[in-house]
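A note on names: the letters A, B, ... follow the listed sequences, proteins ahead of strands, and every chain is numbered from 1. Keep in mind the model is a prediction, meaning the values are calculated, not measured.
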Amino acid sequence: MPEQHTAEDRTDPRQEVAAFLRERREQIAQRWADAAVFRTVFTVSRDEAVEAGRAVVEALAAVAASGRIEDLEADGFAVVREQLARTAHARARAGATTGQISAEMEALRPPVTELLLDELSGAPADHVRECTTVLAVLMGTLRLVMLETTTVAGQDLINRQRLEMLEIATPVIKLWEGIVAVPLIGTLDSARSQVVMETLLDAIVEQHARIAILDITGVPTVDSLVAQHLMKTVAAARLMGAECIVSGIRPAIAQTIVHLGIDLSSILTRASLADALAYALQQQGAHIVPSSGPVVEPR
Amino acid sequence: MTGEAAPPPDGYVPVLRLGGILLVTLQGDLYDSTAERLRQDIGRTVSDDAVTGVVIDLSGVEIVDSFMGRVLSDIAAMTRLLAAQTVVAGMRPAVAITLVELGLTLPGLRTALSTEEAMNLLGAEVANLPRTAGARRERP
Amino acid sequence: MTHTESVSARLPLTSDLDLVRARQHVRQMTAELGFSLVEQTKLVTAASELARNALVHGGGGRMECAEVTDGGVRGLRLVFSDDGPGIADLDQALSDGYTSGEGLGMGLPGARRLVHEFSVDSARGRGTTVTVTSWVARPPRPREGS
């Protein structure tokens with residue numbers, strides 16, 4: 001086998017395959033249009049499926065020509081990545097499993113191999129073997145790119161849903177004119193703490209709230225990371241001109257905080273949400289009195 | 001939100017005098033030299049005149065980095081020495097979050113949600129001021 | 001695997017005006033890439049810190065911006081480099097409160113907290129190169145240490 005080849009050298013199996021793909025583009029695209037992965041996605045017109053197949057063949061030719069046949073990040077794939085992602089997404093929505101999508105991609109290989117063997121009839125056996133190996137590797141890489149986009153699409157969906165859930169789980173309640181509260185329920189991780197901070201600060205601006213209450217009655221544990229996030233939220237609110245109160249620190253959590261050596265002394269705390277609200281109202285110049293007493297107008 | 005025109009190189013920061021209070025409205029992206037000059041200007045004005053308070057309106061500012069943060073705390077510390085109070089008003093949430101992540105909580109700085117509240121905080125009789133002074137400048 | 005698309009801009013950092021330009025360029029790119037407002041602000045602020053470092057301590061330098069992708073996630077990579085005296089003790093320069101001149105000593109460690117990935121290459125007499133990357137819509141992960 002020759003040691004090194006130049007880009008134009010047709011004896012280099014990769015260049016040979018690249019040239020073959022370019023020359024037989026139409027034929028390959030026509031055959032692929034009937035394969036499940038294209039047929040089931042481009043249901044409206046066969047021309048669309050052929051067009052999609054053409055784009056993939058061109059991408060493969062570019063990758064083969066660049067010699068990076070095993071590289072998922074090869075530039076040639078960039079062009080069709082979005083198309084593959086759409087296809088993968090459509091197949092997944094139709095209920096195809098990752099395994100099925102993989103099998104469907106694998107099914108694209110035999111028709112091309114057949115054409116390649118036709119093309120190379122009469123060539124030395126060694127060369128034929130090298131070229132078919134290159135094609136097999138290339139098609140394998142294409143399959144991996146497809147599967148990668150499948151998982152990425154799935155991951156994107158999960159991430160988006162996670163963010164949406166985070167937002168739903170973080171309601172901001174206006175308790176009084178200029179007083180907002182966020183009752184936190186469930187585990188506070190870093191991502192959620194970030195959403196809490198942003199949601200609360202936005203509410204401070206929207207509601208023109210001078211006082212914000214973070215109620216952690218429903219939070220089972222507070223570790224140093226969560227405590228750090230609480231302190232950051234309080235500090236950011238202060239920079240904006242609002243005062244932030246943390247309420248509902250249960251005895252067990254107070255113990256943990258002391259045990260971890262976290263200094264929350266810079267944070268204004270109250271035992272319960274009710275205490276925090278009473279304090280906030282007082283700050284606003286309103287007072288709670290028994291109904292028999294004089295009526296106090298809220299500010 | 002983006003593409004705010006750069007201030008001219010000799011960036012001009014409007015400083016409004018309302019009774020004993022200086023209202024400074026910062027806008028867009030400031031040059032370091034502009035911020036530096038502002039610090040000097042405020043120092044000079046506060047020492048010359050009978051100024052008792054300085055309100056710095058940040059509602060039009062999209063970014064405060066450590067340099068700008070230092071200028072703000074310097075102004076606060078300087079005016080305090082000159083027996084005047086500085087209040088920073090209207091900082092945006094994204095700016096506040098970023099400053100805290102940066103490690104700058106600016107503990108010596110007094111803050112308010114809006115210029116109007118900053119005025120109240122400084123005990124200014126907003127009612128006695130021209131009607132437009134507090135509210136109009138709040139959201140330029 | 002991270003894949004660099006292309007260097008989209010190379011901006012000089014030699015004056016006050018360049019700092020403003022660098023900030024505005026990063027703002028525009030992060031907005032186009034779909035960064036959230038908070039993430040935009042963080043990256044622009046980090047860029048401001050690092051650009052000023054290159055200008056003040058490195059005697060001027062340049063900023064390179066490149067869009068990057070990792071799987072399907074897009075991001076922005078910024079490289080700040082100068083030919084200044086370099087940093088003799090990187091650990092010290094990266095610890096909070098350290099300052100080699102003006103400022104609050106927040107430059108490097110502060111910028112590091114504002115981005116997802118951060119690396120410094122420097123030695124005395126070799127200049128300094130700081131590379132930072134942030135990703136779009138990747139939910140924040142717990143950070144180890146600071």
Visitor: May I ask you to list the residues in residues 238-248 of chain A that approach chain B closer than 4.5 angstrom, counting heavy atoms only, ordered by number?
Guide: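 Hits under 4.5 Å: A:Arg238, A:Leu239, A:Met240, A:Gly241, A:Ala242.
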Visitor: Taking only residues two or more places apart in sequence, or in another chain, which ones meet A:Asp223 in a salt bridge (Lys or Arg N to Asp or Glu O under 4.0 Å)?
Guide: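 Residues passing salt bridge (Lys or Arg N to Asp or Glu O under 4.0 Å) with A:Asp223: none at all.
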Visitor: List the atom of B:Ala96, the atom of A:Ala236, and the distance in Å for their closest heavy-atom pair.
Guide: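 Looking at all heavy atoms of both residues, the shortest contact is CB-O, 3.5 Å.
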Visitor: Is any side-chain heavy atom of B:Pro93 closer than 4.5 Å to a side-chain heavy atom of A:Glu198?
Guide: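 Of all side-chain heavy-atom pairs linking A:Glu198 with B:Pro93, none is under 4.5 Å.
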Visitor: Taking CD in A:Glu48 as the centre, count heavy atoms belonging to other residues, nucleotides or ligands within less than 6.0 Å. Is the count above 12?
Guide: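 Enclosed.
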Visitor: Which heavy-atom pair separates A:Ala209 from B:Leu113 by the least distance, and what is that distance?
Guide: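 In terms of heavy atoms, the two residues are closest at O-CD1, 3.2 Å.
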Visitor: Which one, B:Leu58, B:Leu99, B:Thr111, B:Val88, leads in non-hydrogen pairs under 4.5 Å with chain A?
Guide: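 Answer, by heavy-atom pair count under 4.5 Å with chain A: B:Thr111.
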Visitor: Output the distance between atom NZ (A:Lys232) and atom OG1 (B:Thr105), rounded to the nearest 0.5 Å.
Guide: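 The distance works out to 12.0 Å.
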